[in-house]
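Presented below is the structure to which this report refers.
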Amino acid sequence: MACPNGRSPGDSRGFLCRYEVSESVESANMAKVLKLSSRMRSRCRLGRRALLAALTIAGYLGILTAVCKQRVTSAPEQESKHLHLHHKHPTFHFNTPDDILHTFPTKTNSKKTTPLSRRKPWDIIRGGLRSPRSSPLKQNSPKRRAAQEELLDDIIARLTSGITNKKPGTTGDMLESELRYLAKHCGRTMLKESSLLELDAPIKIVGDIHGQFADLLRLLIVGGFPPQQKYLFLGDYVDRGPQSLEVVALLFAYKIRYPDKIYLLRGNHECMATNEAYGLQSECKERYNSKGLFRLINGAFNCMPIAALINRKVFCVHGGLSPNLQSLDQIRNIRRPVKVPDDGLLCDLLWADPKENQSGYSQNIDRAIS
């Protein structure tokens, strides 16, 4: 048998010849194996990446489909259907958004609870000062109304407790956040009423308070506290006295808590141009160092009704009549919130004064307005 290079099998170099031939065959086979294995590895990597990408996309599509389905559908039979996202590997099932939340772990809030009197109003009632999107309680839900009533009762109790033991001028235990909450929600409550209130007797009518909180408490002791008694206040709650914020807080809390038992008309001091010079602004700065609180309270003043009509006979207003007033519908048509102008119907209703021995109307020289 001859070797490929011409040497005989018995030659001493025959072993080398056979070795060279076998080595070349093995190297060729090894190259094929390596090429095949590299192709398989690349295909495996592509397969794993494609699988992970498919699973990720399928998961996000399942969550998005479930959320959209839950928000759009309103019929109970449509809400109860399973949402399936078919894939050749997994199948995702979501019934409600709660299923989605339970699918992925979320952080738990382990904060300690604080007493009600120290908690901020938006910690108790979400959606008031904060966005309703972050609210765990739905608008007008029983739980939200119960939490609101609990907060208002706590504020009223702190302002009216120990009346006989408190000296006049003792400041109330009020947080700025509570005052902001009362101003904002009381403004919304008063906007639901007409600019001209139509009330029925019996009802107690109260004049100017002017920051005299002790006098307001004394009046409520004599006349009775809401909701046992019904009240109509004619304005001028702030300025001149030392406790305008307590007066506003108590009346606003009563108005939100018992909207059908207490009514608040607007006076000429419920105007930013007036109360920034006569005491309310300085009280907000001294006690809370806050300009925002001052503006928010005046925002609630802009929402107050203008006048009231009791039993369709007794006309109640803070100031007086106006030569521009021809019909009560003019008062009903006043759109709120509104600022007090320098002249006109609204200005006269809040600023006009009666004068003896005079017929008709004339300029108010003493006040230099109206």
Side-chain angles (χ1 to χ4, degrees), residues 140 183-209 226-227 229-238 248 251-252 254-275 295-356 358-370:
N140 298 325
K184 191 166 187 176
H185 282 262
C186 188
R188 293 176 180 176
T189 302
M190 291 184 292
L191 282 178
K192 298 177 183 179
E193 301 172 338
S194 173
S195 295
L196 177 64
L197 300 174
E198 298 187 24
L199 309 176
D200 297 326
I203 187 170
K204 299 181 184 296
I205 303 175
V206 183
D208 298 4
I209 303 296
Q229 297 293 334
K230 187 164 64 172
Y231 286 93
L232 172 65
F233 288 84
L234 301 182
D236 276 10
Y237 313 103
V238 298
V248 167
L251 294 179
F252 281 2
Y254 273 134
K255 182 60 183 177
I256 303 171
R257 184 68 174 89
Y258 310 109
D260 298 330
K261 295 295 182 180
I262 184 169
Y263 298 92
L264 306 175
L265 297 185
R266 189 173 187 177
N268 58 343
H269 279 261
E270 279 68 63
C271 172
M272 183 177 291
T274 304
N275 55 43
R295 290 193 294 266
L296 198 58
I297 292 175
N298 277 282
F301 291 161
N302 293 338
C303 303
M304 285 182 166
I306 309 302
L309 191 63
I310 301 176
N311 286 351
R312 305 182 66 87
K313 294 181 180 180
V314 182
F315 181 73
C316 301
V317 70
H318 177 77
L321 301 179
S322 171
N324 299 318
L325 181 62
Q326 304 298 326
S327 171
L328 294 179
D329 290 334
Q330 293 177 260
I331 303 177
R332 293 189 182 97
N333 295 331
I334 295 177
R335 299 182 62 180
R336 298 167 294 145
V338 61
K339 296 182 180 180
V340 180
D342 294 333
D343 55 9
L345 174 62
L346 180 57
C347 178
D348 293 336
L349 292 174
L350 302 185
W351 281 95
D353 292 325
K355 188 175 182 180
E356 296 181 358
Q358 177 178 322
S359 61
Y361 297 92
S362 63
Q363 291 293 327
N364 195 331
I365 302 176
D366 297 334
R367 293 183 181 272
I369 189 173
S370 178

Any non-hydrogen side-chain atom of C347 less than 4.5 Å from a side-chain atom of D342?
no

Which atom pair, heavy atoms only, marks the closest approach of P226 to Y258?
O-CE1, 4.0 Å

Contact check, side chains of L196 and F315, non-hydrogen atoms, under 4.5 Å:
yes

Non-hydrogen side-chain atoms of K184 and R188 separated by less than 4.5 Å:
yes

Got a second to check how far L346's CG is from K339's NZ, nearest 0.5 Å?
13.0 Å

Please examine the side chains of T274 and W351, heavy atoms only from C-beta on, and report whether any two atoms are closer than 4.5 Å.
yes

From I262 CD1 over to K204 NZ, what is the distance, rounded to the nearest 0.5 angstrom?
13.0 Å

Minimum heavy-atom distance R336-S195, with the two atoms named
NE-OG, 3.0 Å

On a heavy-atom basis, the closest approach of C186 and I256 is N-CD1, 3.6 Å

Result for side chain to side chain contact (heavy atoms under 4.5 Å, CB included) between I310 and one of I205, D200, L197 points to I205

Atom NZ in K230, atom OH in Y263: separation rounded to 0.5 Å?
5.5 Å

Rounded distance [0.5 Å steps], CG in L350 versus CD1 in I306:
6.0 Å

side-chain contact (heavy atoms from CB on, under 4.5 Å) filter on D208, not counting sequence neighbours, yields H210, D236, H318

Looking only at non-hydrogen atoms, find the nearest pair between S327 and L325 and report the distance.
O-CD1, 3.3 Å

Point-to-point distance, once rounded to the nearest 0.5 Å, from CG of D353 to CG of D348
10.5 Å

Student check: side-chain heavy atoms of H185 and F252 closer than 4.5 Å
no

Euclidean distance, E193 CD relative to C303 SG, rounded to 0.5 Å
11.0 Å

Flag the pair V317 / L265 as yes when at least one side-chain heavy-atom distance between them is below 4.5 Å, and no otherwise.
no

Residues pairing under side-chain hydrogen bond (donor to acceptor under 3.5 Å, both in side chains) where one sits in residues 297-316, two or more places apart or in two chains, turn out to be R266-N302, N275-N298

Pair M304-Y237, side-chain contact (heavy atoms from CB on, under 4.5 Å): steps then yes or no
CA-CA 12 Å; M304 285 182 166; Y237 313 103; 3.6 Å; yes

Taking all atoms of both residues into account, what is the closest heavy-atom pair of S322 and G344, and its distance?
OG-O, 4.3 Å

Which pair of heavy atoms, one from L232 and one from A308, lies closest together, and at what distance?
CD2-CB, 4.0 Å

Would you call V248 and F301 a side-chain contact if the rule is heavy atoms closer than 4.5 Å?
yes

Close side-chain approach of R257 and P227, heavy atoms under 4.5 Å
no

Contact list for residues 320-333, test salt bridge (charged side-chain N to carboxylate O under 4.0 Å, His left out), sequence neighbours left out
E198-R332, D329-R332

